Structures are given as structure tokens and as C-alpha cells.
Amino acid sequence: MNIKPWTRVAAGLFAVAWGGNEFTPLLVMYRHVEGFDQVSVDMLLAAYVLGIVPALLIGGPLSDRHGRRALMIPAPIIAMLGSALLALGSGSLTVLFIGRVFSGIALGLGMAVGTSWVKELSGRPHEPHPERVSGARRASLSLTAGFALGAAVAATLAQFAPLQTVLPYLINIVICIPTVFLVAGAPETRDTGRHVGSLWSDLKIPAAKQHRFWFVVAPSAPWVFGCAASGYAILPALMAEVVGPDYGIAFSGLLCLVCLTFGFFIQPLGKRLDRDGSIRSLVVGMIAVVIGMLSAVFASATLSLPVVLVSAAILGCGYGLVLVSGLQEVQRIARVDDLAGLTAVFYSLTYIGFFVPMVLAVISEVTTYPWLFLSGAVIAVVCLGIMAYGKRHEVRELPARR
């Protein structure tokens, strides 16, 4: 069987994304079955960012100089360890926290290293017609599919199957096992024999000094998971009493599926809108973010099932467009020898959005969610203004890394 090289790595991305998001729709379960309070479960949602960010910022730059395979193979293995801890530690906040951190480490390695590897395997000599494909879109679609199916399957099993705190995580372990061998068989795209210098020099990312990155990409990046977390973490929590405990987990999974399915299918639009030197694709994505935040105002005010579903869909469109457009811009800005490093910085900024549910849960003690979402829409408009200013900055040529 002839397996395309990029699909081997994409399978690894899919598996670690599954493991990263399988926990999200189960927040309702941990509240009602284990008795954790809302701030605690939102803390667990954000906990894996503590694993993601170091893995991104260290794993990405190291893979630029020491090879993709050595940094990517451990990702599904660490994902299995994270899922095992989550399966065994349902009653312990500490064990769940550690499991989430391991899931984050796996996802961080996958996102930084795997995304760059897929991009490189989507070009020559691995792809006969590279002008017809987009490495950024292939990577973002693999991640989004893993996020969506991981959440949907976990929610379904937790709601309707036995061993609700164990079985959802066993599925991820089974999925990860073959991807270790698939990733190991992918061709290396980096010259691992020419690196020089210290570990510190490996971690430097010269392309991160580009003004265009900080004034165009950075203002939009936190909205990737700011939108996603609003759609499949905050809205299900607000709807918990409306839906009732009998179907709370399934409804949370449904919102994950709706949000990420729309995020998946909107991404080809980002490719069609994309042009060198233009930020049109990112601007359209940010407009979707603003509309999504405004829809969430009505959803949180009315707690109407149809309005909540529509809001999750619009937020998913914002997530998908900003993710793929941001990756496309990053791949234009980055040089060959710091592509994974700059991708890591981008993803680190996107995960700021995962702290949104925890922060809003605290602030909601003194105000209401409709006002919080309205404030989010205003902040998104401000970010659009910053991006309009940043468009004037062109990508500067930087000397090659010595």
C-alpha cells in the first residue's frame, strides 16, 4: 500500500489533536459526576496549555535544526500517556491536571513539528504538483478533524456507554498506536548533520522579529481558540440547566462537533481568499470572529437552543478561517530554517484563547456573559484596526542562520 508521505504525519496530527480535545465535552461530566466546581474544570481545560507552550517553543525550533522525525515520533506516545492518566485519575484533580499537561505536550509537538513537516512534504520532491495543494490547509484540516471527532466520540461514549470516565480515553490510546509507526516511516525533510551552535542558539527564531508577524498575525492568533473555547466550552456550561443532566455531556459534544465541523469546511475559503501581500483572508476571518462574538451575546442572553447552535457554527467559522489564514501568513514570513519555530510562536499565541473560559467564569461573578461577549466583539474590532495598520509592513529579507 503506497501511503503519501504527508498523510503519515497528518495521521499523527489527527491522533494528538484527538487526545487534546477529547476532554473538552467531558467538562459537564466532571462537574456533575465528580463534583468539581466550574473554575476547577475550566482550569483543567486550560491546564494542557502548560504542556503545549513549552513543547511548541522548544520542540519547534529544535526540529528546525535536528530533524522533524526525532521530535514528532514521541508526540503520539506522550498522548497515550496523557490519555492513560486521564482514564485512571477521574476522581483526582491532581492526576487529571498532570494528564492534561501530558496531552498538551503531545499536541504542542504535533502542532509545531507536524504542521511544518506536512508543509514540507506537500512540496517537491514529495508532491508532483505542489502548486495545487496547501501544506497549511492540510495541517489545519488534520488538526480540526482530530479536535472534532475526538470531542464527538468522547461525549457520545461518556453519555451513553459504560465506564464513562475511562472508555473515551482508551479510544485515543488505540488510535495513537499505529500512528507511531506511520510517523516513523515518513521521510525526513531537514538536514540533521549541519547544525552548529548551542542549545540557546537553536531556540532563537529570527523570523519572529518581523513586524508583519506582530502587527498582522499576532492580533488575530488568540481568537483561534478564543472562538473555539467560546463555542464548545462556555456555551455548553451556560446551557447545562436548560439541557439537563441527562443529556448535558451529549449536548456539549454536539456543540464541539458543530463548531469544529464548520471550522473544518470553511478552511478552503481561506485558501481561495489568500493572496501574497494581502491580509484579505485574515480580515474575513476576523469579521467572522466579530459576528461570532455578537451571536454569542444573543445566545447567552436567550439560552435558546437554535440560537446557541447557530452561534457555535459562526464561532467555528471564525476559528477555521483565522487558523488557516494565520498559518498561511506564517509560512510566508518564515525562512526555511525557522519555519517550525515561527509556527510554534503562532500556535502559542493561539492558545491564549484557551484561558478565556476560566477568566470569564471568574469575571462573571460581577457581570453577565452577554456583556462579556459584547466586550469580546469590541476587542476583536480593535484587533482588526491593528491588523490594518500592520498590513503596511512588508516581509524583510533576513540573513540565513549560521
Side-chain angles (χ1 to χ4, degrees), residues 10 13-14 16-18 20-21 24-25 107 110-111 114-115 118-119 122 133-152 216-217 219-235 253-275 278-296 299 308-331 343 346-347 349-354 356 376-377 380 383-384 387:
L13 276 176
F14 175 85
V16 298
W18 182 300
N21 208 39
T24 305
L107 184 56
M111 293 175 87
T115 296
V118 167
K119 191 264 183 184
S122 296
V133 301
S134 167
R137 185 159 60 91
R138 283 175 169 177
S140 60
L141 288 174
S142 302
L143 286 168
T144 303
F147 288 146
L149 292 177
V216 172
V217 179
S220 64
W223 293 103
V224 172
F225 290 113
C227 276
S230 296
Y232 58 59
I234 298 176
L235 292 181
L254 174 63
L255 285 191
C256 280
L257 186 62
V258 169
C259 181
L260 293 170
T261 298
F262 275 82
F264 181 92
F265 285 106
I266 199 70
Q267 289 182 29
L269 176 62
K271 170 63 177 175
R272 288 195 291 270
L273 291 172
D274 187 54
R275 296 289 185 277
S278 169
I279 63 169
R280 180 173 59 178
S281 183
L282 263 178
V283 167
V284 172
M286 286 301 295
I287 291 172
V289 170
V290 174
I291 297 172
M293 288 291 118
L294 292 175
S295 72
V308 168
L309 289 171
V310 170
S311 179
I314 298 172
L315 289 166
C317 290
Y319 153 85
L321 283 173
V322 176
L323 174 61
V324 71
S325 303
L327 280 174
Q328 287 166 170
E329 189 70 23
V330 163
Q331 291 180 0
T343 302
F346 167 70
Y347 277 131
L349 293 172
T350 67
Y351 270 98
I352 293 173
F354 246 96
V356 168
C383 291
L384 261 174
M387 292 164 60

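Remember, predicted model here, so these are calculated numbers, not experimental data.
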- [ ] Would you check if the side chain of Thr144 reaches a backbone N or O of Leu260 as a donor-acceptor pair within less than 3.5 Å?
- [x]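 Checked: no pair found.
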- [ ] Kindly say whether Val322 contributes a backbone atom to a donor-acceptor pair with the side chain of Ser325 at under 3.5 angstrom?
- [x]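 Not at all, since once roles are kept as given, no pair shorter than 3.5 Å links the two residues.
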Taking side chain to side chain contact (heavy atoms under 4.5 Å, CB included) as the definition, give me every residue that meets it alongside [X], ordered by chain and number, with sequence neighbours left out.
X	answer
Leu149	Phe14, Trp18
Leu309	Leu254, Leu255, Val258, Leu305
Leu141	Arg137, Phe264, Gln267
Phe225	Met111, Phe147, Ala228, Tyr232, Tyr319, Thr350, Tyr351, Phe354

Open item on the list: If the condition is ring pair (Phe, Tyr, Trp, His ring centres under 6.0 Å), which residues does Trp223 pass it with, not counting sequence neighbours?
Closed with: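 Residues passing ring pair (Phe, Tyr, Trp, His ring centres under 6.0 Å) with Trp223: none at all.
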Side chain to side chain donor-acceptor pair (under 3.5 Å) involving [X] - partner list, sequence neighbours excluded:
X	answer
Ser142	none
Thr115	Tyr347
Thr261	none
Ser230	none

Task: Contact check, side chains of Met293 and Leu315, non-hydrogen atoms, under 4.5 Å - done: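 SC-SC contact between Met293 and Leu315 confirmed.
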Task: Side chains of Leu321 and Val289 in contact at under 4.5 Å (non-hydrogen atoms) - done: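 They are not in side-chain contact.
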Which atom names give the shortest non-hydrogen contact between [X] and [Y], and what distance separates them?
X	Y	answer
Pro222	Ile352	CB-CB, 4.2 Å
Leu282	Val216	CD1-CG1, 3.8 Å
Met286	Cys383	CE-CB, 3.9 Å
Gly231	Cys259	CA-SG, 4.5 Å
Asn21	Ala151	ND2-CB, 3.7 Å
Val290	Ala380	CG2-CB, 3.7 Å

TODO: Mind jotting down which residue pairs meet the side-chain hydrogen bond (donor to acceptor under 3.5 Å, both in side chains) criterion with at least one end in residues 285-295? Sequence neighbours excluded, please.
DONE: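 For residues 285-295, and leaving out neighbouring residues, the side-chain hydrogen bond (donor to acceptor under 3.5 Å, both in side chains) pairs sorted by first residue read Ser295-Ser311.
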Open item on the list: Does Phe262 form a side chain to side chain contact (heavy atoms under 4.5 Å, CB included) with Leu257? I'd like the steps, not just the answer.
Closed with: CA-CA 8 Å; Phe262 275 82; Leu257 186 62; over 6 Å; no
Between [atom1] of [X] and [atom2] of [Y], what distance do you get to the nearest 0.5 Å?
X	Y	atom1	atom2	value
Ser140	Leu327	OG	CG	6.0 Å
Leu269	Ser281	CG	OG	7.0 Å
Met387	Ser220	CE	OG	4.5 Å

TODO: Show your reasoning for whether side chain to side chain contact (heavy atoms under 4.5 Å, CB included) applies to Ile287 and Leu384.
DONE: CA-CA 8 Å; Ile287 291 172; Leu384 261 174; 4.3 Å; yes
